[in-house]
Amino acid sequence: MTEVLNSEWLKLRSVRSTTYILLAITACLLGGALVSYLMTADWDTSPPDVQQRFGSADPSAMVVPFTQFCLGVLGAMAITTEYGSGMIRTALVSVPQRKAYLLAKTVVVAGASLLIGLATTLVAYETGELITGDRPEPISAYAAFGDAVPTLLANTASLVLMGLLGLGLGFVLRSTAGTLVTLCALLFVLPSLSLILPEPWNGRVYSVMLPSLAPQLSGEMSGTPLSPIQAGLVMLAYLVVALGAGALTLLRRDA
C-alpha cells in the first residue's frame, strides 16, 4: 500500500495542472488582499456612521469559494486525466486491487486538499489581519485569533470536501469537462437558483448547498436552518454519495 500511495503522490505533484491550480489560488489570494486593502482604505476615509455599515475586509470571502472550485478541479483531474490519456489501464494493471487504488487516490487527494486548504485559510486570515491592523469591527473580521479558529477549521473542512467531491465525480463521469461543469453547477448555479424559490423553501434548500455549509458548521451564522452538527452531517453525506458512487463505478465498470 505504501508503494501505491507514493505513486499517487508522485503523479499528483508532478503534473502541470497541479502547478497551475496552485498559481491560481495564489493569484486569488493576491486579489483578496487587494480588495481587503481597498476596503480598509475606504473605511479610513469614511464618516463614523458609514463605517458602521461596512462589511469586514476579510480576504476569505473571496478566496474560499474560488479555492473550493480549484480543489474540486484538483480532485477531478487526479483521475479524469488518467481516463482521458488512457493511462488508467496501465494504472489498474500496476494496481489490480481496485479498492487499494481508490483508497490511495482518496488519501492523497484528501491530504493534498488538507495541506493546501489549511495553508490558504491561514494565509487569507493573516493577510486580512495585517491589512486591517488594530481597526475595530466591522472592518476587522475578528477581535482575536481564537474567534477565527471555528471559521478557519470549517473553511478547511469545506475545501477538503471539495477535493474529494471532485475525485468522486471524476470516477463517475470519467470526463474533465463534465466534472468541471458539475462542480460549477453545485457551487454556483444551484445555490443561486435555490434563492429564488418561494419562502421558506429558499432558505431551507440553500442551507444544504455547498457554499452555505462551512458558515453553518462554524456557527458564525445565526438563525440558520442547520446547526453545526447538522451541517457537518450534510457535508459527510455529500462525501459518502460522491465517493460511494465513484467506488461503484470503478469496481463495476471496465476501464
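What you see below is based on every heavy atom in this structure, not just the backbone, and it leaves out hydrogens, waters and symmetry mates.
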Among all residues two or more places apart in sequence or in another chain, which pass the ring-ring contact (aromatic ring centres under 6.0 Å, His included) test with Phe145? Tyr125
For [X] and [Y], which heavy atoms make the closest approach, and how far apart are they?
X      : Y      : value
Ala231 : Leu213 : CB-O, 3.9 Å
Asp58  : Ala141 : CB-CB, 3.9 Å
Leu186 : Leu169 : CD1-CD1, 4.1 Å
Val208 : Ser212 : N-OG, 4.1 Å
Gln230 : Leu226 : OE1-CA, 3.4 Å
Ala154 : Ala214 : CB-O, 3.4 Å

Quick one: do the Gln216 and Ser207 side chains pair a donor with an acceptor below 3.5 Å? no
Taking atom types as modelled, find out whether Thr40 and Thr132 have a side-chain donor-acceptor pair closer than 3.5 angstrom. no
Kindly work out whether a path of hydrophobic side-chain contacts (I/L/V/M/F/W/Y, heavy atoms less than 4.5 Å apart) joins [X] to [Y].
X      : Y      : value
Met62  : Tyr142 : no
Leu195 : Leu190 : yes
Val64  : Ile131 : no
Ile139 : Val50  : yes
Leu153 : Leu164 : no

If we ignore hydrogens and angles and just use 3.5 Å, is the side chain of [X] paired with the main-chain N or O of [Y] as donor and acceptor?
X      : Y      : value
Thr249 : Ala245 : yes
Ser218 : Pro215 : yes
Lys105 : Ala78  : yes
Gln52  : Asp49  : no
Ser60  : Ala124 : no

Distance in Å, [X] [atom1] paired with [Y] [atom2], rounded so as to fall on 0.5 Å steps:
X      : Y      : atom1 : atom2 : value
Leu161 : Leu210 : CG    : CG    : 6.0 Å
Ser46  : Met39  : OG    : CE    : 10.0 Å
Phe171 : Ile79  : CZ    : CD1   : 4.0 Å
Ser192 : Met209 : OG    : CE    : 10.5 Å
Leu165 : Ser158 : CG    : OG    : 11.5 Å
Thr67  : Leu22  : OG1   : CG    : 10.5 Å

Would you say [X] and [Y] make side-chain contact, with heavy atoms under 4.5 Å?
X      : Y      : answer
Thr81  : Val15  : no
Leu74  : Leu12  : yes
Arg135 : Asp44  : yes
Met162 : Leu187 : yes
Pro191 : Tyr206 : yes
Tyr83  : Thr176 : no
Pro138 : Arg53  : no

Is any NZ, NE, NH1 or NH2 atom of the basic residue among Arg174 and Glu82 found under 4.0 Å from an Asp or Glu carboxylate oxygen of the other? no
Quick one: do Leu29 and Thr127 satisfy side chain to side chain contact (heavy atoms under 4.5 Å, CB included)? Show the steps, please. CA-CA 9 Å; Leu29 282 167; Thr127 300; 5.7 Å; no
Remaining members of Leu173's ILVMFWY cluster at a side-chain heavy-atom cut-off under 4.5 Å? Val172
Which word best sums up how the rings of Phe188 and Phe69 line up, parallel for under 30°, tilted for 30 to 60°, or perpendicular for over 60°? tilted
Using residues 106-117 as the side-chain source, report each donor-acceptor pair under 3.5 Å to any protein atom, sequence neighbours left out, with the distance given to one decimal.
from: Thr106; atom 1: OG1; to: Leu102; atom 2: O; distance (Å): 2.8
from: Ser113; atom 1: OG; to: Val109; atom 2: O; distance (Å): 2.8

